[in-house]
Amino acid sequence: MAQKRKTIISTLIIIIVAALTALGAWWWHMTADTYRARSVAMVEQVRTTTLTVNGRRVPLITNLATRRADTIYHMGTGWQPMTTDTLYTPAVWANRYAIVPSCLGRLVTPIATPVYGTDSTGLSLLIQRQIDLTVALMAYYGQGDGQANGGYTLKRQIREQEREIGNLDYYLKVHGVQDEGYHDIASYTVGRKEQLATLRQAAAHQADQLRTLAERLATLRQALRPQAQISVSEHISYTVIYTDGHQLHRMGCQTVAQHAKRGYTLLQTTEGTTPADAAPLSMLPWITRIDEAMLMGPYTTYYARYAQRMATAATLPITHRLLIARAGTMPARYTGYWISRGKGTITYAGYWRKGRRQGWGTAYYPDSMVLHGKYSADTLYYGSRRDTLGRVYTGYMDSRAQANGHGTLREPGGLSYSGQWRTDRKEGFGCQTGLNASLRVGEWHRGVYRGERLVYTSDRIYGIDISRFQHEIGRKKYGIDWSQLRISHLGNSSRKRISGRVNYPISFIYIKATEGSSLRNRYYAADYRQARQHGLRTGSYHFFSTTSPAQAQARHFIRYARLTKGDLPPVLDVEPSPQQIRRMGGPAELWQRVGTWLRIVERHTGTAPVLYISQMFVNRYLPYAPDIKRHYPVWIARYGEYKPDVRLAYWQLCPDGHVAGIKGEVDINVFNGYQAEFKKFVSQNCIK
């Protein structure tokens with residue numbers, strides 16, 4: 001009997017030791033990093049929140065943080081409010097029982113922080129916020145005075161978009177593929193036209209939108225009444241994202257239970273199965289933590305978005321019992337994905353190679369900006385950054401995240417610049433466009449637009465203008481060898497980019513005919529006849545006097561100028577000094593007289609004359625005459641290296657050019673466009 005008792009005790013001891021050994025082995029296996037790394041996944045939660053007021057349901061706008069009520073629509077980039085919100089949370093495959101493998105597709109994931117408060121104060125603020133957004137949207141679609149969002153309406157947005165496209169089309173008309181930046185502008189124009197089509201489509205359904213918004217507004221306002229019966233419900237669809245060691249997979253999930261006190265939601269895959277590569281953990285032994293590094297590698301983008309939301313938390317909890325431990329000091333010469341933090345926030349989340357940043361990573365700067373950049377040998381060189389003002393830069397950078405090299409800056413007001421940068425300032429060639437902004441393509445220096453520098457080639461359309469000074473130099477008189485006319489030099493008054501040798505044909509010529517109400521160019525008739533006989537597109541110009549009546553000057557020009565059908569449009573040369581303008585009564589009086597001359601000659605010739613003025617005159621006086629600027633072509637004299645920043649017909653680029661066949665210096669002009677545009681200009685603007 002004693003022997004039997006000893007045998008039973010020995011057997012029990014062996015069984016207990018074996019069980020403890022098996023339990024220890026099981027515990028060791030379950031807590032091993034290689035096993036635990038296979039236990040983690042990410043859950044995508046797509047949430048829709050609905051407010052019910054007296055039985056009427058209203059889906060709530062969830063992307064509130066991206067816009068303010070007074071800026072519902074960024075200029076040029078319409079915002080459509082979303083009624084869904086997508087969040088990502090980490091998850092762990094979990095067995096139902098402590099020891100028995102019993103997962104069956106079960107996951108544990110944290111309860112995401114509610115987007116809206118459920119207390120009465122929080123709910124009232126939420127409803128008022130939704131009312132403000134709805135009123136702003138109604139103003140955008142034309143309901144009310146539009147003041148809720150700064151007066152910015154769909155109609156205004158369409159009008160401004162049309163204006164910008166007009167500027168872009170004009171640029172494309174007067175430039176060619178050989179001009180720097182042409183392809184960028186062409187591509188941008190296509191995108192703008194597609195956006196305009198979308199806006200016009202929205203305008204076509206404006207009445208339906210307003211009706212829907214009005215119903216929504218009425219329901220929201222009812223919710224603020226004392227006797228209103230209101231409730232907030234949330235619909236969430238879950239998708240688990242997991243890895244098989246090589247690639248990510250997605251599987252639908254449904255809620256099993258929610259443990260609010262413990263802070264987690266229990267999910268199960270819709271198929272009720274656990275992926276073969278998953279390693280479920282028991283809810284009992286899993287009472288300490290899992291290492292954050294286990295989520296960093298396979299779920300980089302999703303986990304970084306979760307970690308950013310939790311950046312200020314002391315821990316990254318799933319519950320007070322089940323938590324994710326922050327990654328500590330990065331191992332020396334680490335290769336892989338890692339999140340390194342500064343004080344209270346994420347400073348960098350991205351890839352490392354042998355302890356140095358390599359490839360894509362995201363840096364979060366508290367109260368400053370978010371930077372998504374590309375690194376090489378621990379040095380930033382390319383990326384995208386968004387600052388607190390909503391400006392987004394994408395392009396090459398220096399190690400301090402300053403724009404350096406080629407990049408694009410988009411501002412909330414719709415302004416966009418694409419081009420070269422140096423130490424965060426526009427420098428070199430670039431183009432800037434936007435609603436309510438002039439198109440600026442050309443050279444920039446220290447953030448300031450300098451102008452467009454042309455490359456002079458034989459493809460451009462060149463012309464000259466002459467007077468008696470091409471015949472009289474000092475006391476000597478010279479003739480013109482009309483058979484030899486070729487432009488041989490573009491002058492020394494400014495630096496110029498010239499491709500090849502200057503030996504350009506003359507495509508057009510303007511000859512001075514008259515000045516004031518009595519003076520005439522004695523060489524005009526002969527020069528005009530020779531120009532026509534040698535096949536040159538010919539035009540005549542009048543020099544405006546501040547001391548003669550405009551009507552008399554117009555009649556004098558019409559009497560003596562050869563205004564033949566097919567000639568280039570006549571030109572009025574306006575070059576008064578500031579003192580002369582003051583003596584005649586100021587800019588208003590000047591423009592009244594100039595307008596009189598232009599209208600009289602236009603009625604006589606059947607075409608709008610061209611206004612010849614200097615760059616100084618454009619800057620100082622042209623703003624006083626918007627109607628004249630809009631109706632009459634402009635010819636600008638500007639002797640710098642940069643093309644005038646206005647719409648123009650001709651640019652007089654130098655007064656000291658040289659032309660074979662003419663003695664002395666000659667004014668050289670270039671038409672604003674190429675051959676096709678010149679032919680169009682001639683057909684539409686020549687004397688009828």
Side-chain angles (χ1 to χ4, degrees), residues 65-67 71 74 76-77 88 184 188 292 296-297 300-312 326-327 329-330 333-434 440 443-449:
T66 62
R67 296 289 158 89
T71 56
H74 285 175
T77 56
Y88 292 91
D184 291 337
Y188 181 80
E292 185 181 28
M296 287 182 184
T300 54
T301 303
Y302 303 114
Y303 183 71
R305 289 176 62 176
Y306 169 78
Q308 183 185 1
R309 288 177 53 240
M310 303 299 297
T312 57
R326 288 185 182 276
T329 304
M330 188 176 67
R333 298 180 65 77
Y334 174 79
T335 296
Y337 187 85
W338 195 267
I339 298 177
S340 61
R341 294 179 175 84
K343 292 184 178 180
T345 185
I346 298 173
T347 56
Y348 178 78
Y351 289 93
W352 301 73
R353 182 181 180 186
K354 296 181 179 180
R356 308 175 79 184
R357 286 170 293 184
Q358 184 73 28
W360 287 101
T362 303
Y364 305 96
Y365 297 80
D367 303 321
S368 175
M369 65 177 178
V370 176
L371 169 66
H372 185 59
K374 199 168 186 179
Y375 295 78
S376 178
D378 213 34
T379 302
L380 176 70
Y381 70 93
Y382 186 89
S384 177
R385 72 174 190 223
R386 176 187 292 272
D387 62 20
T388 54
L389 299 177
R391 297 175 300 191
V392 179
Y393 171 80
T394 303
Y396 288 93
M397 302 177 176
D398 60 20
S399 58
R400 295 175 295 174
Q402 292 183 319
N404 209 57
H406 188 276
T408 298
L409 177 69
R410 302 188 186 280
E411 300 188 39
L415 202 64
S416 175
Y417 170 85
S418 180
Q420 294 297 316
W421 297 78
R422 183 184 298 167
T423 59
D424 238 21
R425 290 194 291 190
K426 301 163 189 172
E427 186 72 31
F429 181 84
C431 58
Q432 178 174 286
T433 185
R440 292 182 167 181
E443 298 293 321
W444 298 72
H445 181 58
R446 296 182 178 180
V448 177
Y449 181 62

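How far OG1 of T394 is from CZ of R410: 7.5 Å, rounded to the nearest 0.5 Å. Rounded to the nearest 0.5 angstrom, D387 CG and L371 CG are separated by 11.5 Å. Atom CZ of residue R446 and atom CZ of residue R422 lie 9.5 Å apart, to the nearest 0.5 angstrom. The distance from the CH2 atom of W421 to the OH atom of Y396 is 16.0 Å, given to the nearest 0.5 Å. With rounding to the nearest 0.5 angstrom, the OG atom of S376 is 4.5 Å from the CD atom of Q358. Within the model, atoms CE of M397 and CZ of R385 stand 5.5 Å from one another, a figure rounded to the nearest 0.5 Å.
In this structure, K426 fails the cation-pi test against Y449, since its NZ or CZ atom is not both closer than 6.0 Å to the six-membered ring centre and inside 45 degrees of the ring normal. In this structure, R357 is positioned above the aromatic face of Y348, its NZ or CZ under 6.0 Å from the six-membered ring centre and within 45° of the axis.
Counting heavy atoms from C-beta outward, Y382 and W360 have side chains that approach closer than 4.5 Å. Between L409 and R391, the closest side-chain pair of non-hydrogen atoms falls below 4.5 Å.
Annotation for W444 and G430: closest pair NE1-O, 3.2 Å, computed over non-hydrogen atoms. Across all their heavy atoms, S418 and T408 have their closest contact at OG-OG1, 3.3 Å. Listed here is the closest heavy atom pair of T379 and S399: CG2-CB, 4.0 Å. Taking all atoms of both residues into account, the shortest heavy-atom contact from L380 to A401 is CD2-CA, 3.6 Å. Among all heavy-atom pairs drawn from A403 and Y393, the shortest one is CB-CZ, 3.4 Å. Heavy atoms only, all atoms of each residue included: Y364 and A304 are closest at OH-O, 4.1 Å.
Y303 and E292 are linked by a side-chain donor-acceptor pair at a separation below 3.5 angstrom, with hydrogens and angles left out of the test. Side-chain contact annotation: H372 with T362, donor-acceptor N/O pair under 3.5 Å present.
Taking the six-membered ring where the residue is Trp, the centroids of Y334 and W352 are separated by 6.0 Å or more. For Y88 and Y306, the distance between ring centers is not under 6.0 angstrom. Ring centroid separation for the pair W338 and Y351 does not come in under the 6.0 Å cut-off.
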### Task
Give the intermediate values and the outcome of side chain to side chain contact (heavy atoms under 4.5 Å, CB included) for residues K354 and R333.
CA-CA 4 Å; K354 296 181 179 180; R333 298 180 65 77; 3.2 Å; yes
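Side-chain atoms of N404 never come within 3.5 Å of backbone atoms of D398 as a donor-acceptor pair (strictly under, hydrogens ignored).
Looking at residues two or more places apart in sequence or on another chain, you find no side chain to side chain donor-acceptor pair (under 3.5 Å) involving H406.
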